[in-house]
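Only one structure is covered here, and it is reproduced in the block below.
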Amino acid sequence: MPPEAGAEKKEFKLRVEPYQGTPEEIERQWFEQVYKGRGDSVKQLTWRAVIMGSVLGGVLSLTNLYIGLKSGWGFGVAITACILSYAIWSALHGIGLAKTKMTILENNCMQSTASAAGYSTGTTLVSAFAAFILITGQPLPIGLTMAWVFCLAVLGVTMAIPMKRQMINVEQLRFPSGVAAAETLQALHSHGAKGMRAAKALGIAGGAAAVSQFLTDGLHLISAHLEKFQLGELIRRANEFVLGKSWSDNTTVVFFWDPIFIAAGAITGMRVCLSMLVSGTICWAIYVPLMQGAGIVPATGGYKAVVQWTLWGGTACMVSSGLLNFLLQWKTSLRAFTNLGKMFKKGGQGSDPLDAIEAPMSWFLIAQVVTLIAIGYLAHKTFNMPYWLAGLALVMSFILALVACRVTGETDTTPVGAMGQITQLTIGAIHPGSATTTLMSANVVSSAAISSADLLTDLKSGYLLGANPRKQFIAQFSGIFIGTVISVLAFSVMVPRAEVLASDQFPAPAAQNWRAVSLAMSKGIGDLHPVKKWSIGIGTGVGILLALLPVIFPKKQKYIPSAAGVGLAWTFHWYYSFLFFVGALVGAVWDKKSPADSEEFKYPVASGIIAGGSLMGVFLIFWENGPTMARQIAEQIRGLFL
């Protein structure tokens with residue numbers, strides 16, 4: 001039997017709970033208990049894993065582009081790709097076209113490639129690049145757009161290298177989607193009775209979530225007459241009946257049904273979710289109605305109009321707390337850079353065995369220098385941005401990516417828009433007068449945050465499964481190439497001219513938001529409303545306080561609100577905070593009433609709900625938009641050659 005097959009067939013228990021001890025002891029425990037016998041012997045970085053990830057990521061990137069231009073949302077593709085890859089490869093093995101099944105760590109590398117190809121490279125196109133088209137009236141040339149997207153993805157992926165050991169190895173942040181992906185893979189590849197029970201639970205939960213998603217949004221695809229019976233429509237009408245149409249239309253304090261967020265809350269935990277609920281209620285049920293009654297915040301326009309007032313305080317809270325946390329943890333942060341000198345020495349990385357399997361700091365340094373030069377040149381030639389301003393954007397991208405990755409680790413939500421807008425505020429204050437300059441400076445920061453957080457989420461899966469992080473990084477990096485090509489070409493076909501955006505065909509809400517902030521910030525901070533300035537000051541103070549309290553009262557840390565949860569609740573709908581809290585409450589009750597069952601089934605069930613809901617969401621998008629999308633692409637391609 002090949003060594004990798006034997007290693008994989010050993011009974012393996014996925015450990016989600018954090019290790020205890022000093023940073024060195026924590027890393028040594030993982031290396032001895034999880035990595036040995038797994039990452040050092042199970043096959044993982046293979047051509048078939050990278051190719052499968054590239055194909056699946058490329059297909060899913062089209063979905064994310066289309067739905068992003070429609071609604072401003074994007075789907076993470078890791079869990080979807082894991083299940084599809086397992087099903088496809090098992091089918092190929094069953095009919096004899098594949099000699100062996102993919103190992104669990106091959107599938108893990110595959111999901112990293114798919115994430116880069118299907119998510120990291122396309123999000124910036126439906127936000128900043130679409131906003132640029134709205135501002136200037138014309139898109140950038142395809143070659144120039146590819147250069148931008150590729151460089152930004154490389155910047156973000158490599159920027160995560162020094163963060164990985166601190167946030168995943170030492171701090172052991174949860175990264176709930178990463179946990180869900182690991183649980184999904186573990187259930188799919190399990191070999192024992194317990195593993196099969198987990199797989200069955202995952203499958204039942206996934207099927208129920210898929211049915212729920214279809215009943216919520218899919219009935220109208222069968223018949224337009226059935227739309228009024230959809231769960232989403234019934235809940236909307238119930239909100240109007242109970243709360244009133246004005247309240248339902250212009251606040252987010254309404255009831256909503258989406259089991260994916262409930263499952264994410266069960267994984268995230270009570271501290272963060274309760275912080276989100278309390279802070280979100282203060283924001284959307286107290287602050288917003290008061291400001292609307294005073295005539296400051298618009299009473300019409302819904303969430304898109306109101307969030308332009310609430311995001312400032314929430315973003316300031318997350319930024320100040322994240323930066324102070326980083327400064328207070330300078331010893332563990334410094335550990336990420338301790339091998340700077342070793343990498344120049346002949347003969348290896350030193351005595352720490354983890355140095356040989358972690359992505360080396362040399363990759364970080366080389367990539368950052370190269371992208372600094374490349375992005376600086378592109379920014380100067382494309383937008384006439386001063387070189388020093390491009391350098392400042394890159395420095396800010398590292399600082400704010402730290403914040404964004406921490407928020408993702410705690411809440412499973414990357415505050416991309418908030419990070420971009422705080423950059424627009426800063427650049428607008430330092431260098432006012434150019435909307436495109438503030439826009440693309442913010443694009444550098446948000447793209448770095450997206451790619452960094454996406455890689456760390458995937459590395460969390462690998463950490464739990466015992467993967468080699470260096471090989472997983474290479475897999476993620478490989479997906480950038482196919483993702484850049486497919487995303488940019490598809491975007492250029494879907495958006496051939498500016499008139500397509502902000503239309504019934506592609507409303508592009510994310511792009512309109514970025515455009516509005518860029519135009520406002522191009523005039524400088526002096527034009528910012530006093531309420532927004534006060535929000536920034538108060539949010540900063542709250543963030544600093546929440547960062548200091550755990551240091552002052554370390555034994556009470558579990559009772560201290562999460563700054564990430566508090567700030568994030570001011571940047572998205574109240575009902576998301578509520579659903580997160582419901583999930584955390586269900587998980588806490590389950591832990592208390594039936595700890596053994598909770599330990600065995602909570603994470604597989606939550607993972608199944610996330611996977612099933614995501615898969616059905618993708619299916620509904622293809623069902624509703626696939627034919628139209630294919631026809632439009634065919635017409636555009638035919639027009640290019642005729």
Side-chain angles (χ1 to χ4, degrees), residues 61-74 116-156 371 374-375 377-385 390 393-394 397 414 416-417 419-421 423-424 427 434-451 454 480 483-503 505-519 521-522 633 636:
S61 71
L62 300 177
T63 302
N64 266 336
L65 280 177
Y66 195 81
I67 198 63
L69 291 170
K70 282 281 190 182
S71 67
W73 285 89
Y119 181 71
S120 295
T121 54
T123 307
T124 183
L125 291 169
V126 301
S127 56
F129 280 94
F132 173 81
I133 297 174
L134 287 173
I135 292 172
T136 63
Q138 58 185 5
L140 289 174
I142 290 178
L144 193 57
T145 304
M146 283 189 180
W148 265 103
V149 171
F150 179 79
C151 289
L152 291 174
V154 172
L155 174 72
T371 52
I375 292 177
Y377 176 80
L378 288 171
H380 182 73
K381 291 297 182 182
T382 310
F383 310 110
N384 199 30
M385 186 186 300
L394 289 174
S397 69
T414 306
V416 176
M419 296 295 101
Q421 287 163 351
T423 308
Q424 289 173 303
I427 298 299
S434 173
T436 56
T437 296
T438 58
L439 174 70
M440 298 313 290
S441 298
N443 187 25
V444 172
V445 173
S446 66
S447 296
I450 292 170
S451 298
D454 187 51
I480 294 174
T484 297
V485 173
I486 292 180
S487 296
V488 172
L489 288 177
F491 180 78
S492 66
V493 171
M494 288 187 229
V495 188
R497 59 192 183 279
E499 292 77 14
V500 175
L501 296 172
S503 65
Q505 181 186 13
F506 288 134
Q512 293 198 64
N513 184 34
W514 278 65
R515 171 184 175 272
V517 176
S518 293
L519 292 174
M521 290 300 100
S522 65
I633 292 175
Q636 292 293 338

How close do Trp148 and Leu140 get, counting heavy atoms only, and between which atoms?
CD1-CD1, 4.3 Å
Below 4.5 Å, heavy atoms only, C-beta onward: do Leu125 and Ser487 meet side chain to side chain?
yes
Is any side-chain heavy atom of Asn443 less than 4.5 Å from a side-chain heavy atom of Phe129?
yes
Hey, are the side chains of Leu378 and Phe383 touching, using non-hydrogen atoms and a 4.5 Å cut-off?
no
Testing the basics here: between Val444 and Ala393, what is the closest heavy-atom pair and its distance to 0.1 Å?
CG1-O, 4.2 Å
Beyond-backbone contact of Met146 with Leu489, side-chain heavy atoms, under 4.5 angstrom:
yes
Pairwise side-chain contact, Thr437 with Ser441, heavy-atom cut-off 4.5 Å (strictly under)
yes
If every non-hydrogen atom of Ile480 is compared with every non-hydrogen atom of Ala153, which pair is closest and at what distance?
CG2-CB, 3.7 Å
For the student: nearest non-hydrogen atoms of Gly137 and Ala498, plus distance:
O-CB, 3.5 Å
Closest heavy-atom contact between Met440 and Met385?
CB-CE, 4.4 Å
Return the set of residues passing side chain to side chain contact (heavy atoms under 4.5 Å, CB included) with Ile486 (not counting sequence neighbours), or none when no residue passes.
Ser61, Leu62, Ile482
So do the side chains of Phe491 and Thr145 get within less than 4.5 Å of each other, counting heavy atoms only?
no
Evaluate the side-chain contact (heavy atoms from CB on, under 4.5 Å) criterion for residues Tyr377 and Thr382: first the C-alpha distance (whole Å), next the side-chain angles of each, then the deciding distance (0.1 Å), finally the verdict.
CA-CA 8 Å; Tyr377 176 80; Thr382 310; over 6 Å; no
Note, Ser397 side chain near Leu155 side chain (heavy atom, < 4.5 Å):
yes
Flag side-chain contact, heavy atom, 4.5 Å: Thr124 against Ile450:
no
